[in-house]
Every structure is written in structure tokens, then in C-alpha cells.
Amino acid sequence: MKPILTVSNLSKDFIKPLDLIAKFLNKVGQDNKEEVVHAVDDVSFTVQRGEIVGIVGESGCGKSTLGRMVAGILSPTNGSVEFDSAQTKTSDLPQALQTQMIFQDPFSSLNPRKRVIDIITEAPIFHGLIARKQKNEFAAEMLQRVGLDPDTLQRYPHQFSGGQRQRIGIARALAVSPELLVCDESIAALDVSIQAQIINLFVQLRDEFTLTYLFISHDIGVIEHISDRVIVMYLGRIVETAPISSFLQTPNHPYTKALLAGVPRLEVGKREYEPVSGEIPSPLAPPTGCHFHPRCPFAIEKCQREAPVLRELSAGHFSACHLNDEAQS
Amino acid sequence: MKPILQIENLQTHFFTKAGVAKAVDGVSFDINAGEVVGLVGESGSGKSITGFSVMGLVDAPGRIVGGRIMFKGADIAAMSPQELQSLRGNRISMIFQDPMMTLNPVLRVETQMVEAIKAHDSTISKSEARVRARDALGLVGISAPEERMRAYPHQFSGGMRQRVSIAIAMLNRPDLIIADEPTTALDVTIQGQVIHEMQRLCEVTKTALLWITHDLAVVAGIADRICVMYAGRVVEQGPIASTISQPLHPYTRGLMGSVPSQNRRGQPLQQIDGMVPSLLNLPVGCAFQNRCSMVSDKCLSETPGPTDVGGKRLVRCVNVGQEQAS
Ligand SMILES: Nc1ncnc2c1ncn2[C@@H]1O[C@H](COP(=O)(O)OP(=O)(O)OP(=O)(O)O)[C@@H](O)[C@H]1O
Ligand SMILES: Nc1ncnc2c1ncn2[C@@H]1O[C@H](COP(=O)(O)OP(=O)(O)OP(=O)(O)O)[C@@H](O)[C@H]1O
Ligand code: SF4
Ligand code: SF4
Ligand SMILES: [Mg+2]
Ligand SMILES: [Mg+2]
């Protein structure tokens, strides 16, 4: 089956411009260079229709940058995002609508001066998906889909709780019949008991409308719960990707193992924490070779020199670690 | 042995234009020496205000309007300002989610630590204080502390800053540390480091720890006992293992069920429908009534008091524990 999403060799560099002092010092003879962050560094993967793919990794590893490029709101420095739509054959919808992004902050992403009905119907009316006179009926249906009372259509965002606002954000995204949702920390700002409501809603919508998700979260418990497949990133690169069962049972990459070992778990109970040593390096000056080598307990000499490539270990399970080269040769 | 900290029926209210917000309304619990107590609950349930009340950090329009806070058997309200000052910062210290609440951005880490030591021990020489500061940084896992302590806070990463603030909190070997979401902003591997250091330090120094968080899984990993707050009250407290394996209060049960766990993959999470009522507008009776699946007539008129259900557990629910009691 043709994947709905094919990401090939995708990269994004951000250039950190020189500040005034550095510019001045350059004038008097110093040689300060602009710094470049390889926020996303040569990333490739595919996603099948109806799949929920979780993306995990530490702060600054490029999850949001990747998500924004997939959603088409940030242009890549290199590489491509290919989208195989089921709809393009029948309609001429712009591709930007078929991928919608749901953000962390349900408060700032909704216009406080607009009523819920207008928030939800603005885009579909603009793109001619619905007629103006269908507005009421359509918005009511969208609200029902996300578990909100259609009687609240005329209200403003501030009259809702955090969880309800996140539902409105989801209803707004669903209103343009997207096929792929990129959820960037979409539940991080919500209380645990409310998080459960929204996670259940995402899964239910997937089942009802065969939606596909890229689900970005730093909460590995949530990722484990919701994902069919997991992508682990470290400093801009994918270090491991695996179906959820292999991710949980036979994680391969030392970073993935460290991550899983550090996850607090309700069912484990009281325990001693055995931490990974070292700091997360600055993305401005990532370590040479394998980015993880200064923190890796298994690092060999080669790891400082050479960046490992992703190798397939079993069906759909890829890992980028030199220890696997040894095993193969 | 007397507990390090006893909180008895603490009430901290905020007198706002819109009405009185009972942020903490009848909270009672103890912490013993060397014990780790986890304080969990939804956003706005009063966890931080409970900690602030102990530290004397409640600002207007908030005020402690009732109850007692006892430190090693002595009522804090009866202490002189000097006694209080030496208590807070010396015998009790606090760690915040944002380490910059503790750190001064324009002073070198060294200067701040030396000052903190000298503030509580005026006889110590500057060089002695420096050595103690350096050792404290080493203890929380900061490499090359001698050099690092000459840096400014912004030259550290978030995880390192938090470790510096922990080192400062531990400087005077306090009897109690109140840690308010100390690892919430940190990445998993860095969170692991910070928890590891705190566990170790508390074990060595027998420091008691009140760990405030909304993350049940973190509490499950470090606490001896847990207190669960809802709308200003502790609705359930008890030993960590029995409370997690067999929660009794309907809110605690819902909370445990809503945490994703490996052995329930593929099933919908249990969810608590509805939302927390406004503190300005709490219903008569149990504050959880609008979300509770066990609600009965009694809940709408009676405010449940803490019931001892055995096994050192207390639950505030009119429908739990009654059968055992009667
Ligand atoms: N607009 C920008 N300009 C410059 N640098 C940026 C920009 N956006 C992101 N970066 C940098 O790119 C890197 C990746 O950032 P990104 O936001 O994608 O990380 P993330 O994995 O989403 O992190 P978090 O978990 O903290 O959200 C970081 O080093 C960040 O500082
Ligand atoms: N200055 C204030 N004025 C009015 N109400 C306040 C003030 N400070 C706190 N409150 C109220 O006190 C209640 C308890 O707040 P607290 O900060 O203790 O919550 P919390 O449990 O720590 O929540 P979180 O998990 O979000 O940190 C909140 O509902 C809040 O609205
Ligand atoms: S390549 Fe080397 S440093 Fe990188 S994860 Fe593998 S063993 Fe560790
Ligand atoms: S007192 Fe009633 S409403 Fe409150 S938790 Fe118990 S059963 Fe539910
Ligand atoms: Mg991000
Ligand atoms: Mg708080």
C-alpha cells in the first residue's frame, strides 16, 4: 500500500544571526561566524494511512520543526514531504488543508474575540467546502464529533475550560476534513484526568474517519499508549524507529534504552533511579560522529568519528548505532 | 518520635474581588524524618499554596485563616521573626519548578552559595564557605565544580540550573525540603539524574521531603506516602504502595485509571468526565460530586471528613470506609 506520507532526506537549518557586539567586533578585525543549528538533519520515514506515529526525544531535538515541515507551515532547507491524498483525485483542495496541526496551547491558538461557531466554520467557508447557510448545522456536527455540547456554539473561548478549548481546536482542525493530523504536545498543558479524555478522543476519531497522526510528545507513557509506531530523535536525527511492540520489548539504540529506563511508571512503584550521565549537548555544537557518544556507556572509538546510519534489524525496526555494524559484519 | 512537620487543619484563603477562594481548606498531614511524601492533584487544587503556607510565602490577598503548622513539635505561628527566618532557609528549604526563583541571574553561582552559607553561619570564613559550596555542587553531580561555580546561572542548561538550586537547598542540611514540581520542566534523562541525586542526598542526610507534582508516576517511584488533593482538600492519603494498587477515593481511582500504563495498551483510558468546580463557587457537600460515579444524596449535603479506613489510610468520601467503620 502506498504510504500517505513520505518524508525524504528532510533537513532544516536555522541560522542564528550575529548580535550587534559580534558584528562590531567583526568590523574591527575579529572573525565571528553566524551559527547554524541543524534542527532537523536528513530525516526520512513513511507513514501508512490510519497509522499513529509517535515522535519522542529531548527538548530541542527537532520534533516541532519536523512536525511543522510535515504540516506545510515551515519550508525545508532540503529534502521533500510527499503527501498521497485520497481526496485530491476528487476535489481540488489545497494540500495545506489535508494536514492540520494541533498545538500545545489551547489558550493562545484560539482567537478570543471570535465565537466558537466562527472559529470552526471560518476555514471551510473560505475554501468553499460548505455554504454559509450550512454554518450552524455544520459547526454543531463538528462540536458533537469532539464531544462538546452544540448549544455552546455562540460562546467565546474564554468561557471554556482547558480541555474544552483543546476540543474546540480539534473541531476547527477537523472542519476542513484533513487526512493527517500533526499533534505537537497537544495534551501537555492539560490535567491528567483531562488528558485521558483527549487521548481517547484522538483514538476514537482515528477509528471513525481513518485519520492518520504524527503524535509529538515528550511523555513516553502517552506515546506508548497511543502509537502504532515510534520515532526516536536525538539532536535532529532519527536514531531509532520501530513498531510499538519492538520499541517496548526490544529497543536497540542505547539512547532509546536510556530513555525507557528513565520513564517513571505507576506500576513499578518505589525504585532507585539510575540516571544517564551527562548533559544534553547544545544543538549549536553537536558532538561529532554519533551525537550520543559523550553520554553513551557503550561508545567505541568509531563512534566519535563516524555517524552511524539507520539499519533495519527486523521488519520496520531501524536503529542507527555502530554496535549493529559489528553484529552484521 | 515526633514528626518533622505536622500540618493540622490548615486553611489558606484568598480574598479576591470576586469572592473568597478557599485554596487550602482543612489540610492535615505529617512528614517524618527521612520520609518522602508526595503531594499530587489537579492544577489549582492547592498543592503549591500548601507548600507556600509552610514557607510563609503566601502573599495578599491570601492569608492563613486557620489551623496549625508545627515544626518539630513547635507551633510556627508562635515563633519570633528571627526564629522564623532561621527556620526557613536553614531548617526548611524550598525548590521551585523554575530554578530562577532561587537563583539570581546577575550573580555568580559561587557568590550566591557563599552568601547563603554565611547568612546562616556568620562565623564561617569565606574560604571555608567556598569549599562547602564546591562540595555541594559536586554532590549534585556537577562536574568540575571548582570552575563551574564561577559561572553565571544563564551559562548553565536547565537541568544543571535545577541541580544548582538543589545544591543551594541542601547547603545547610535542612530537616525538610519542599520541592514544588522540581522536575516537571526537565527531560526524561535529566529528570532521572535530578531524582537520583535527591533520593541519595535525602537518604544520606535523613532530610524529609515533600514532593509536589501532578505526575503520579514520579511520586510512585520516590514517595513513601502520598496525599491526593482535590479542590483545596486532601481527599486521600496513605502509604504509596497500597494507595496506588488499591485507591479508595473515587477521584484517586479515576486519576490512577487515567494514567497510561503498559499493561493497558490498546484500551481506552479511564476518564473523569466534567471539570473541577471553581473554588469561588464550590457546591455544598463533596466538591467532587459533579464528576463522581458513586455520587449519592448524602454527598450533596454532607462534607465528608477524613475517615480512618485502616492501614494508615485516610479517605474523605461519605461512601468509602463507612462500611468498615459501622
Ligand atoms: N525559528 C527558529 N529559529 C532558530 N532556531 C530555531 C527555531 N526553531 C527551532 N530552532 C532550534 O532548532 C532546534 C530544534 O527545535 P524544535 O523546536 O524543533 O525542538 P523540539 O524537539 O520541538 O523541542 P521541545 O521538546 O522543547 O519542543 C532547537 O535547537 C531550537 O533552538
Ligand atoms: N493570588 C491569588 N489570588 C487568588 N487566587 C489564588 C491566588 N494564588 C492562588 N490562588 C488560587 O489558589 C488555588 C490553588 O493554587 P495552587 O497554586 O496551590 O494550585 P496547584 O495545586 O499548585 O496547581 P498547579 O498544579 O497548577 O501548580 C488555585 O485555584 C488558585 O486559583
Ligand atoms: S553509535 Fe556508538 S555512541 Fe552511538 S549509540 Fe551506538 S554505541 Fe553509543
Ligand atoms: S463523597 Fe460522594 S461525591 Fe464525593 S467522592 Fe465520595 S461518593 Fe463521590
Ligand atoms: Mg517542540
Ligand atoms: Mg503549583
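A note on names: the letters A, B, ... follow the listed sequences, proteins ahead of strands, and every chain is numbered from 1.
A:Glu58 contributes no side-chain N or O that, together with a main-chain N or O of B:Val188, makes up a donor-acceptor pair within less than 3.5 Å.
Taking all atoms of both residues into account, the shortest heavy-atom contact from A:Leu266 to B:Met256 is CD2-O, 4.0 Å. Contact record, A:Ala196 with B:Gln271: O-OE1, 3.9 Å, taken as the closest heavy-atom pair.
With B:Leu269 as the partner, the side-chain contact (heavy atoms from CB on, under 4.5 Å) test is satisfied by one option alone out of A:Val203, A:Ile226, A:Val192, A:Asn200: A:Asn200.
By number of non-hydrogen pairs under 4.5 angstrom with chain A, the leading residue of B:Pro268, B:Gly44, B:Gly254 is B:Pro268. Here A:Ile244 is the residue among A:Asp219, A:Ile244, A:Val56 with the most heavy-atom pairs under 4.5 Å with chain B. Heavy-atom pairs under 4.5 Å with chain A were tallied for B:Glu197, B:Arg163, B:His214; the largest tally goes to B:Arg163. The candidate from B:Arg200, B:Met160, B:Gln193 with the greatest count of non-hydrogen atom pairs under 4.5 Å with chain A is B:Gln193.
Residue B:Gln199 touches chain A through its side chain alone, counting heavy-atom pairs closer than 4.5 Å. The part of A:Ser227 that comes within reach of chain B is its backbone (N, CA, C, O), which places non-hydrogen atoms under 4.5 angstrom from that chain. Heavy atoms of A:Gln164 lying under 4.5 Å from chain B belong exclusively to its side chain. Heavy atoms closer than 4.5 Å to chain B are found in the side chain of A:Ile194, but not in its backbone.
Interface residues of residues 231-246 of chain B toward chain A, defined by a heavy-atom distance below 4.5 Å and sorted by number: B:Ile244. Near-neighbour residues of residues 218-229 of chain B relative to chain A, defined by a heavy atom under 4.5 Å from a heavy atom of that chain, comprise B:Val218, B:Ala220, B:Gly221, B:Ile222, B:Ala223, B:Asp224.
By the 6.0 Å contact criterion, CD on A:Glu208 is enclosed, its count of non-hydrogen atoms from other residues, nucleotides or ligands being greater than 12.
The distance from the CD atom of B:Gln191 to the NE2 atom of A:His218 is 8.5 Å, given to the nearest 0.5 Å.
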